[in-house]
Amino acid sequence: VQLQASGGGLVQAGGSLRLSCAASGRTYSSYTMSWFRQAPGKEREFVAAIRWSAGTIFYADSVKGRFTISRDKVKNTMYLQMNTLKPEDTAVYYCAAAAANLILSASRDEHLYDYWGQGTQVTVSS
């Protein structure tokens, strides 16, 4: 499976961006796709996850109410709509896929993911 993330950029605080993650290659009957992010000098952290088949969604508390994860099954693409962006959202955002339906606690664990995209930079200026 190949993942291609795009859509990052520079935006002012309070603005919006939409990230995309296009998946290609091998498909699975059930899998979970997620967004993680890594800020400079910090560990990579979970942002949001979606179970591809059922559309079950999980969010990190820090982005609830501001970010929306979604997927387009026809295009095999996952999205992250980010609204009301804050400077602390500045990070490299990665998309990832796990060949399993993960529960919430598992979806936060980056080690359970089998495939990763290359990352896209999001910078929020104050």
Side-chain angles (χ1 to χ4, degrees):
V1 175
Q2 291 79 46
L3 302 177
Q4 180 71 40
S6 61
L10 173 64
V11 64
Q12 288 189 333
S16 298
L17 281 174
R18 189 175 83 152
L19 306 183
S20 299
C21 177
S24 60
R26 182 178 179 179
T27 58
Y28 295 87
S29 58
S30 59
Y31 56 102
T32 301
M33 289 190 70
S34 297
W35 290 99
F36 286 78
R37 67 186 181 185
Q38 187 167 22
K42 295 188 177 181
E43 294 185 351
R44 189 154 55 186
E45 65 173 1
F46 169 79
V47 175
I50 185 165
R51 290 183 186 169
W52 198 256
S53 180
T56 308
I57 289 171
F58 307 120
Y59 292 104
D61 289 342
S62 58
V63 306
K64 274 182 185 176
R66 300 188 299 121
F67 290 11
T68 302
I69 190 172
S70 63
R71 89 288 195 222
D72 184 322
K73 288 185 175 181
V74 174
K75 295 182 178 179
N76 266 348
T77 300
M78 174 179 66
Y79 303 97
L80 185 69
Q81 178 66 43
M82 305 185 294
N83 298 328
T84 320
L85 282 161
K86 304 175 181 180
E88 51 263 43
D89 294 318
T90 295
V92 177
Y93 283 70
Y94 298 91
C95 56
N101 280 326
L102 300 178
I103 61 174
L104 173 59
S105 58
S107 66
R108 299 175 184 272
D109 185 351
E110 63 178 276
H111 299 100
L112 297 181
Y113 288 83
D114 305 289
Y115 306 99
W116 290 85
Q118 84 287 5
T120 184
Q121 176 71 46
V122 171
T123 302
V124 184
S125 63
S126 56

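Nothing here was measured: the structure is a model prediction, and the numbers come from that model.
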Open item on the list: Checking T77 against D72: is there a side-chain donor and acceptor pair closer than 3.5 Å?
Closed with: no
Task: N76 CG to S24 OG distance, which is reported to the nearest 0.5 Å - done: 8.5 Å
Task: Stepwise side chain to side chain contact (heavy atoms under 4.5 Å, CB included) check, V11 with T123 - done: CA-CA 6 Å; V11 64; T123 302; over 6 Å; no
Open item on the list: A side-chain contact here means heavy atoms from C-beta on lying under 4.5 Å apart; do M33 and R51 qualify?
Closed with: no
TODO: Calculate, to the nearest 0.5 Å, the distance between atoms OG1 and CE belonging to T68 and M82 respectively.
DONE: 11.0 Å
Open item on the list: Starting from F46, can I reach I50 by hopping between I/L/V/M/F/W/Y residues whose side chains sit under 4.5 Å apart?
Closed with: no
TODO: Could you go through the ring-ring contact (aromatic ring centres under 6.0 Å, His included) check for W35 and Y93 one step at a time?
DONE: CA-CA 7 Å; W35 290 99; Y93 283 70; 7.3 Å; no
TODO: Could you go through the side chain to side chain contact (heavy atoms under 4.5 Å, CB included) check for Y59 and I69 one step at a time?
DONE: CA-CA 8 Å; Y59 292 104; I69 190 172; 3.7 Å; yes
Open item on the list: Test side chain to side chain contact (heavy atoms under 4.5 Å, CB included) on S30 and S53; report intermediate values, then the result.
Closed with: CA-CA 6 Å; S30 59; S53 180; 5.7 Å; no
TODO: Calculate, to the nearest 0.5 Å, the distance between atoms CG and OG belonging to L80 and S70 respectively.
DONE: 8.5 Å
Open item on the list: Set out, in order, the CA-CA distance, both residues' side-chain angles and the distance that settles side chain to side chain contact (heavy atoms under 4.5 Å, CB included) for Q121 and L10, then state yes or no.
Closed with: CA-CA 8 Å; Q121 176 71 46; L10 173 64; over 6 Å; no
Open item on the list: Rounded at 0.5 Å granularity, tell me how far CD1 in I57 sits from CG in L104.
Closed with: 12.5 Å
Task: CE on M78 to CZ on R71, rounded to 0.5 Å - done: 11.5 Å
Task: With K64 via salt bridge (charged side-chain N to carboxylate O under 4.0 Å, His left out) - residues at least two apart - done: D61
Task: Same apolar cluster (I L V M F W Y, side chains within < 4.5 Å links), L3/W52 - done: yes
Open item on the list: In terms of relative ring orientation, are F36 and W116 parallel, tilted or perpendicular, with 30° and 60° separating the classes?
Closed with: tilted
Task: Contact list for residues 40-49, test side chain to side chain donor-acceptor pair (under 3.5 Å), sequence neighbours left out - done: R37-E45, R44-E110
- [ ] Report yes if some heavy atom in the side chain of V92 is under 4.5 Å from a heavy atom in the side chain of T120; otherwise report no.
- [x] no
- [ ] Find out if a path of hydrophobic residues (ILVMFWY) with successive side-chain heavy-atom gaps under 4.5 Å connects F67 to Y94.
- [x] no
Task: Spacing of CZ belonging to R108 relative to CG belonging to L102, to within rounding of 0.5 Å - done: 12.5 Å
